[in-house]
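Atom set for the values below is all heavy atoms of this structure, side chains included, hydrogens, waters and symmetry mates excluded.
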Amino acid sequence: MKPPILEMKNITKEFPGVKALSDVSFRVAEGEIHCLVGENGAGKSTLMKVLSGVYPYGSYSGEILFNGQVQKFSGIRDSERAGIGIIYQELALVPEMSVYENIFLGNEICKGWTVDWNETIRRASQMLAKVRLDVNPETKVRDLGVGKQQLVEIAKALSRDVKLLILDEPTAALNEDDSANLLDLLRDLKQHGVTCILISHKLKEVISIADTVTVLRDGKTICTLDAKKGEVSEQVLIKHMVGREINNVYPPRERSCTDEVVLEVKNWSAYDPKLGRMVLKDVAFNLKKGEIVGFAGLMGSGRTELARSIFGNPDGYEIMGEMYVRGKKQRFNHPKDAIQAGVAYVTEDRKAKGLILIQDVKQNITLANLREIASHGVIDGNAEVKVANEYRESINIKTPTVAQVVGNLSGGNQQKVSVAKWLFVRPNILILDEPTRGIDVGAKYEIYTIMNRLVQQGMSIIMISSELPEVLGMSDRVYIVSSGRISGELPIEEATQEKIMHLATN
Amino acid sequence: MEFFQNLQKVLRQNIREYGMFIALFVIMAIFTYSTEGIFISSRNISNLLNQTGYIAVLAVGMTLVIVIRHIDLSVGFLAGFLGAVAAIALVFWKLPVWVVIPMVLVMGVLAGLITAFPVAQLKIPSFVASLAGWLVYRGALLLSTMGTGTIIIPDEAFNAIGNGFIPDIPGLDFFLPKVHKLTLLLGLLAIILFIFSEIRNRRKKQEYNFEVLPLDIFILKLMFLSVLVGGITWVLAGYNGLSWTVVIMLIVVAIYHFVTTQTVLGRHIYAVGGNPEAAELSGINVKNITYVVFGSMGLLSALSGILFTSRLQSATTTAGTLFELDAIAAAYVGGVSAAGGVGKVTGSIIGALVMTSLTSGMNLMSIDISLQYIVRGAVLVAAVIFDVTTRSSRK
């Protein structure tokens, strides 16, 4: 085995309340393509942020050896200087600037006090040739497709003489041709002595390109596999990625599912004019009364887009297809319409999109249904307090009073306020998008209990979740979403983590 | 001893809310001292309030605009232009006052909706949309006064809005001959109403186990505010009593205070300001709220134009210059946050009073206008710094 270019030893990184990485060790040999795989939240991105200095030395414990030397990066600039380049999922280019300006942004070629634009363009052209991107360096980045923008990012990294290039899910937003092109380029760079760390969810891609694969799970290194020894296969990877024991953290429940279909969606496609691409393709699914349907899939697979396209389409997608709510064909043009038809949607990002953090508990709970506590447009303050207190007790929101500002509550209690808000609109169909993200085990259990109670009462729940054990523990039926399509449907009896992961990474 | 500890604690917790009152009080005390009492004289206070009127109503509207994370720069010249329209309608078209005023108010609403259109529909930044309005209305004002220059308004009823006072109760001359009795009576009623509603509120909060002020502090607060209102009433009653401008201002504040704190519409406005995305997902039509808020801003601009034109008894070519910035400054001094969702109508009124008190006091002290601007700038910055630091330190 070649000597390692990078060694990360016993890295532990904690966030308030969460151990994102615990005692992770990671070793990359010089000149190889090393893939890093794992479920959402396994710690891949955190590990790369530790490496690149986004989390500076001192905010984690452990040791980083790069090129045989101990490194103490206090910021991205330090890691760049050492020869580490990182390309994130969200591209860090300035759309209004030209390709050559972007490539040398923050690293300008100067002659005396001024930028030497001629030399910049000449060098930029060389870089573009290296990444085999045939565009005029004076083109604005805005005018390039995502695939080409990705190549500009790589050119930018190469212009800084990187020895180690890290790509975080580079192909997630690319089509097949662009993906294949990118992978070819990585092989090419390998020939030229650039070491690569590739984070990817697409296992086929990983298998085709990796020399070595490291699997992370729950913030720990599970194993490192060598492709040349034939250790890498899809089954093996999936087994290691999901091989966690499912603890009995789900409250028992009697199945309450009936045959009455309350929501059905057919041929449902959505085009996002802002991104300029299809976000949903020909989706079809149904939901029955008293049922919890899990929507599994990886991040960015289109589950949230599906929920929002149904719930009044606040993003302005162009939608094709049909939707039937309790047998009646309907199309909601504003969340208001959806609410009136008895659909509620608890967002995946309660802080940014769900709650008004500067307002208090009662104001948040009543916001979506003020009409019920008002007469002639004037709010009845007593009724409001009464409603808020009812929910505080029934779903156990821990707050001194309902006049407490929501921003001061813990994550779990904020989530309960979100749920209470949507229960108060008295829906028949409740869409929960990542209902337990970022909340502790106790609060999770309470949320599950509430869900069970609701379906017992005849409500129907769509639960979008990236946590496979949660999907398996709570659902009556599972749909798997991948790249804007439904890639599979499994009754709960047949669903396993491996099957779901297989369909989700397809 | 416990009383002072309580007082200290309450002041520290509510420094943002009470800070504005305290600042106003301090400013008034300083000017009273430095002008040897002229500042607090009946005549000056009466004048000061009348001067505040046309900025105060703008500040009320601007509060809501800033709460929903926008800005409206067009309001100053819109007020000036609509004032000129009122003058032309009265003088040249010979329309009666009771037609002119509603007509101008409706035009104000329309102007506000026009500003809102590109903002709500096309997501054009309100800064740009209203800057265009600023230019357009400035031109319109010049155009409408081009032929005549200043238009003098002879209509007494119209001019009373900015200069007149409410009538006194007739036949009571034997009692306190030089004092305006109706003003005193209204002031007394206001104090009684205020005390009753505060007590009721407190009871209700106690029922729900919400935090209330300790009893002694509560009484102190009631006394302080009663004395303040009583004092102002007494001072006003000593001159000509309540002016129509102050009456209009009080009505506007009362309506907006009610709407923002007690109604569904008010809640929706603050929700849009606090988190537009969450508001939209809660079924609130953010576009409609934008129209409503800008429409109300236009209405109040028209009212401001009427108050100002009436006060000058004429329409001039430069009416409304810089009103928008005075209104914005008043709103910020009054504790509105540019981040959205935070700000009270009553706070902005206090902010407007602070700003006009500064002008009035410094005028009395014969401080040069150049220094006046600098002082007002410093006060604005100090108020906002105070606001931001007290807000962040609470977390």
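Annotation: B/Phe127, atom CZ; neighbour count of heavy atoms from other residues, nucleotides and ligands within 6.0 Å does not exceed 12. Remark: A/Arg331 CZ is packed, more than 12 non-hydrogen atoms of other residues, nucleotides or ligands lying under 6.0 Å away. Within a 6.0 Å radius of CZ in B/Phe386, more than 12 heavy atoms belonging to other residues, nucleotides or ligands are found. Heavy-atom contacts from other residues, nucleotides or ligands closer than 6.0 Å to NZ of B/Lys344 number 12 or fewer.
Most heavy-atom pairs under 4.5 Å with chain B, from the set A/Arg350, A/Gln363, A/Gln340: that is A/Gln363. Of all the listed residues (A/Ile339, A/Asp380, A/Asn369), the one sharing the greatest number of non-hydrogen pairs under 4.5 Å with chain B is A/Ile339. Contact count versus chain A (heavy atoms, under 4.5 Å) is highest, among B/Val342, B/Thr261, B/Val259, B/Asn285, for B/Asn285. Counting heavy-atom pairs closer than 4.5 Å to chain B, the top residue among A/Leu357, A/Val425, A/Ile356 is A/Ile356.
Neither the backbone nor the side chain of B/Lys205 comes within less than 4.5 Å of any heavy atom in chain A. With a threshold of 4.5 angstrom between heavy atoms, A/Ala352 approaches chain B through N, CA, C or O but not through any side-chain atom. Using a 4.5 Å cut-off between heavy atoms, A/Lys421 contacts chain B through its side chain alone, with no backbone atom that close. For chain A, the nearby parts of B/Tyr270 are the backbone and the side chain; heavy atoms of each come within less than 4.5 Å. With a 4.5 Å cut-off on non-hydrogen atoms, A/Arg308 touches chain B through its side chain but not through its backbone. With a threshold of 4.5 angstrom between heavy atoms, A/Val405 does not approach chain B through any atom at all. In this structure, chain B has no heavy atom under 4.5 Å from any part of A/Gln404.
Annotation: the span from B/Lys287 atom NZ to A/His334 atom NE2 amounts to 8.5 Å, rounded to 0.5 Å. The CD atom of B/Glu277 lies 8.0 Å from the OG1 atom of A/Thr347; values are rounded to the nearest 0.5 Å. A/Asn382 CG to B/Glu207 CD: the interatomic distance, rounded to the nearest 0.5 Å, is 7.5 Å.
When all heavy atoms of A/Trp422 and B/Leu281 are compared, the pair lying nearest together is CH2-O, 3.0 Å. Closest heavy-atom contact between A/Pro314 and B/Glu280: CB-CG, 4.4 Å. Across B/Asn275 and A/Lys353, no two heavy atoms sit closer than the pair ND2-N, 4.1 Å. Here the closest non-hydrogen pair linking A/Val385 and B/Tyr208 is CG1-CD2, 3.4 Å. Between A/Leu355 and B/Ala278, the shortest heavy-atom distance links the atoms O-CB, 4.1 Å. Summarising the geometry of B/Ser282 relative to A/Leu367, their closest heavy-atom pair is OG-CD2, 3.7 Å, with the distance given to 0.1 Å.
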